[in-house]
Engineer: 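Can you keep this structure in mind? I'll have questions shortly.
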Amino acid sequence: MPVEHGKKHTFVWQKPGSGRNGDAPSAAVFCGEILPELIMALGYMPKRLFPSVSCPDLSPATLPPFSCTTAKSYVSMLLQGKMDDVELFAFSDTCDTMIALHSIFQSRGKKTIRLASPRSISIAASRHYLLAEIQRIAAIPEMRFSEEVFRRAASLYARQRQLLKALTEFRDRMPQEVFFEIGRYTWTVHPEEACAVLEDLVKELSTSPRRQGFRVLLLGSCVLGPGLFQLLDRLKLVVAGDNMCDSQRIHPGWPAAHLSDIAALTYERKPCPCKHGGGAAACLDRLLASCSPDGVIIHTQKFCDPHSWDLTRVKQQLARLGVSYLHLETSGEVSEQHRLRLESFCELLEARRQHSGGR
Amino acid sequence: MSRLTSTDYLKKVMSRYYTGLRIPSPGKRIAWVTSGAPVEILRAMNIQVAYPENYAALCAARRQSQRLIEIAESSGLSGDLCSYARCHIGSVLSPNAAPWKGLPRPAVLICCNNICSTVTLWYEYLADILKVPLFFIDTPRVDGAPASHQVAYVKRQLEDLVCFLEARFGRRLDEQALKATLKTSAQTAKLWANIRSTAMKRPSPIEAPDLFIAMAPIVVLRGTRAALDFYQLLHKELLVRIDNGVGIGRYERVRLVWDNIAIWHALFRVNQMFAAHGGVFVADTYTGGWTFELMEGDPLESMAHAYLSVFLNKGFADRLADLEKTLSEYGADGLVMHANRSCKPYSLIQPELAREISRRMGLPILLLESDMADPRAYAEEQLRLRIEAFMEQLGGIL
Ligand code: SF4
Ligand code: SF4
Ligand code: SF4
């Protein structure tokens, strides 16, 4: 059973020395914009850092209360010593909060790199700039950039992305909680290990039946734990696709051969609200066309500026298209109130279905 | 407290600016721009500029922001977003509820993200509802001096901006006019820096609330004769005060530095709470944001350099060094940080800056949570209690 298979790999912060890349020191990666192949080529084992509910909030003396929960969670992990085994923290300039987090980690004496990435992706000049910025990072003297490692890593991660894509096609055949766990797991282990797990899963799922229920598209900022997905499973809402920070907003699965390909890959990611000119509206149209959802769930975190701004645009677009949507604002995890709202949303979808004579 | 007479002139300058914006004239084109936009190019092309941020600050200072903020929120904008944006968007959605019926409609929007990421989304939103073209200038964050690839990237965009404006308005950019505007801008920025520095003297001839009021021309009229004239007048007046050993007209027991944007809707009330205990704000970090230098040489390259180097576009080490320098140069006895809910780039690193400043300098620091333009986030009694406790603590030390 895929459920069981997925359950074997619940997300844990991997200690350096575990896994197959045991010798390389760990590097934490904060946003999917930074390609792990670049980090691996610098001599590190990249692990995507996800915010988590498992850590008590230790942030009040370090962050103002009006910070998003993702930031509070990262700072809490840092203060609790949960990241003492991480040698390098890789940031990219995305939202103002991420930029502040970089400052905090730097000020706490952590070794960091910061990709001062372009925030306008509609102009040609930004591609040249991004490449120059990546080259700057590769040339940092204490980094041990290797072209050969880069190419090997690029082909491994390309495989991982292809498998993730294949898994996403079967997403409606598995519990969402498992998909969530798998997604996180794969970005925190060595790609060979991730690929082995993904291959098994894809094979098993190819013969599994689709789950019944309303199909929804998920959009927005990341969640801190599996609560939302458990709730969706309980309410028999089947996620048909997403564009969320901690999930499917990843790069396409083709292997980079040169650093210049990284810049190109970055531009093929699903657009996110931190970037100007990414064609977000067209991307949403494509997602809607490919998933044909019954409704859309937009998740925003309290105090997350980029997604809160984007919300207005997304809501208008969905309203124009006549697509039912539900906006959930959380502090990372869902509550009883969210459950009630999701239940009403299901009732609304049901009423719509009946009105249209069932579909 | 003695009044600065040059503020009368300031009122005239500002009212002329706002009236001038509204007077229709043939061929007149208006651009809405962010406060960190390279406005000299527009000025040199005779394009009028209006500043939504400054407009929102004015609405807040006149205590007219709340209604506009509520209008924006009722249209679906989150109440956690920047209150300048909410206030200004409120004025766009309901001009009749806004002072002067809002800003006159723009022909173009020019957004430069060297101050924050919020402006990106704010201007995208405006472009969408107003159906007006948006030109976006992306200024990557810098650590120390901007790197050459960053300067090249921004310079390239400035070249594109020139083409965009020329095509849009059918006017050519005259390089001599740009050079002249840049020269005026540089002189004004230098003068503004000198004005701020007068407060290093004891007693200080000026305090932060005056600076907050006096900063308007460096923001909205940078590169014009009007701004330069006003600052020359103000500077002269301050030098006279220094020569006569006259301060701001009340006892300066404790010298303080303010970090972050002012609480516009309660600017003098908050100041008074400190003044009641002999506190004088001799400097602030916000008005220092317009003291940048323009280099000689290629105008667009010089602008790229300058606009990349604005303080909110700098890394932690630079922000910390600037703050430490300000505190020591102005002989500060304490630091007050306004934890401004609206402005994440300014506020999120304040606790960390405070920790470092306290470790390095041992200065007492007060963090006050409020909002620059949203009065609903202002709890006066709470602030008063915290300010009193802080000033007592300072009294014990001094
Ligand atoms: S919004 Fe985009 S850039 Fe920002 S954290 Fe999410 S994926 Fe990264
Ligand atoms: S994108 Fe939103 S949730 Fe993520 S770090 Fe930025 S503010 Fe926080
Ligand atoms: S977020 Fe801060 S820097 Fe940006 S517009 Fe608002 S007040 Fe200004």
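Letters A, B, ... are given to chains in the order of the sequence lines, protein chains preceding strands, and every chain is numbered from 1.
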Engineer: Does the side-chain hydrogen bond (donor to acceptor under 3.5 Å, both in side chains) test come out yes or no for A:Arg313 and A:Gln317, once each step is laid out?
Structural biologist: CA-CA 6 Å; A:Arg313 184 193 59 76; A:Gln317 190 174 349; 3.1 Å; yes
Engineer: With a 3.5 Å cut-off and sequence neighbours excluded, list the donor-acceptor pairs that the side chains of residues 300-308 of chain B form with protein atoms.
Structural biologist:
residue: B:Ser302; atom: OG; partner: B:Met295; partner atom: N; Å: 3.1
residue: B:Ser302; atom: OG; partner: B:Met295; partner atom: O; Å: 2.9
residue: B:Tyr307; atom: OH; partner: B:Glu40; partner atom: OE1; Å: 2.7
residue: B:Tyr307; atom: OH; partner: B:Glu40; partner atom: OE2; Å: 3.1
residue: B:Tyr307; atom: OH; partner: B:Arg222; partner atom: NE; Å: 3.3
residue: B:Tyr307; atom: OH; partner: B:Arg222; partner atom: NH2; Å: 3.2

Engineer: Shorter than 4.5 Å, heavy atoms on both sides: which option in B:Asp160, B:Leu134, B:Leu77, B:Leu348 has the most such pairs with chain A?
Structural biologist: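 Result: the option with the highest number of such pairs is B:Leu348.
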Engineer: Sort and list the pairs that fulfil ring pair (Phe, Tyr, Trp, His ring centres under 6.0 Å) and have at least one residue in residues 100-119 of chain A, not counting sequence neighbours.
Structural biologist: A:Phe30-A:Phe105, A:Phe89-A:Phe105, A:Phe91-A:His102, A:Phe91-A:Phe105
Engineer: For the side chain to side chain donor-acceptor pair (under 3.5 Å) test, which of B:His265, B:Gln66, B:Arg86 pairs with B:Asp374?
Structural biologist: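 With B:Asp374 as partner, B:His265, B:Gln66, B:Arg86 yield a single side chain to side chain donor-acceptor pair (under 3.5 Å), made by B:Arg86.
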Engineer: Out of A:Pro306, A:Ser103, A:Cys304, A:Pro65, which one racks up the most heavy-atom pairs below 4.5 Å with chain B?
Structural biologist: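 Counting heavy-atom pairs under 4.5 Å, the top option is A:Ser103.
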Engineer: Which one, B:Leu367, B:Asp143, B:Asp128, leads in non-hydrogen pairs under 4.5 Å with chain A?
Structural biologist: B:Asp143
Engineer: Counting only heavy atoms closer than 4.5 Å, note whether A:Ile99 contacts chain B via side chain, backbone, both or neither.
Structural biologist: side chain
Engineer: Below 4.5 Å from any heavy atom of chain B, which atoms of A:Gln135 appear? Answer side chain, backbone, both or neither.
Structural biologist: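 Contact with chain B is absent: no heavy atom of A:Gln135 under 4.5 Å.
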Engineer: Would you call the rings of B:Phe311 and B:Tyr346 parallel, tilted or perpendicular if under 30° counts as parallel and over 60° as perpendicular?
Structural biologist: perpendicular
Engineer: Using heavy-atom distances under 4.5 Å, tell me whether A:Ile123 contacts chain B through its side chain, its backbone, both, or neither.
Structural biologist: side chain
Engineer: Would you say the side chains of A:Gln301 and A:Ser221 form a donor-acceptor pair under 3.5 Å?
Structural biologist: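 A:Gln301 vs A:Ser221: no donor-acceptor pair found between side chains.
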Engineer: Where on B:Gln350 is there a heavy atom nearer than 4.5 Å to chain A: the side chain, the backbone, both, or neither?
Structural biologist: neither
Engineer: Would you mind checking which part of A:Asp93 comes under 4.5 Å of any heavy atom in chain B, side chain (CB onward), backbone (N, CA, C, O), both or neither?
Structural biologist: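 Contact with chain B involves the side chain of A:Asp93 alone.
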Engineer: Highest number of heavy-atom pairs under 4.5 Å with chain B: which of A:Ser126, A:Gly277, A:Ala61, A:Ser67?
Structural biologist: A:Ser126
Engineer: Using heavy atoms and a sub-4.5 Å threshold, report which of residues 112-126 of chain B line up against chain A, by residue number.
Structural biologist: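 Result: B:Asn113, B:Cys116, B:Ser117, B:Thr118, B:Thr120, B:Leu121, B:Trp122, B:Glu124, B:Tyr125.
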Engineer: Between A:Arg119 and chain B, which part of the residue has a heavy atom less than 4.5 Å away: side chain, backbone, both or neither?
Structural biologist: both
Engineer: Taking all atoms of both residues into account, what is the closest heavy-atom pair of A:Tyr129 and A:Ala116, and its distance?
Structural biologist: OH-O, 2.6 Å
Engineer: Could you give all pairs that pass the salt bridge (Lys or Arg N to Asp or Glu O under 4.0 Å) test and reach residues 264-287 of chain A, with sequence neighbours left out?
Structural biologist: A:Glu33-A:Lys275
Engineer: Heavy-atom distances under 4.5 Å only: say whether A:Thr62 touches chain B with side chain, backbone, both or neither.
Structural biologist: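 Backbone plus side chain of A:Thr62, per the 4.5 Å heavy-atom cut-off to chain B.
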Engineer: With a 4.5 angstrom heavy-atom cut-off, is it the side chain or the backbone of B:Asn340 that approaches chain A, or both, or neither?
Structural biologist: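 Just the backbone, heavy atoms under 4.5 Å.
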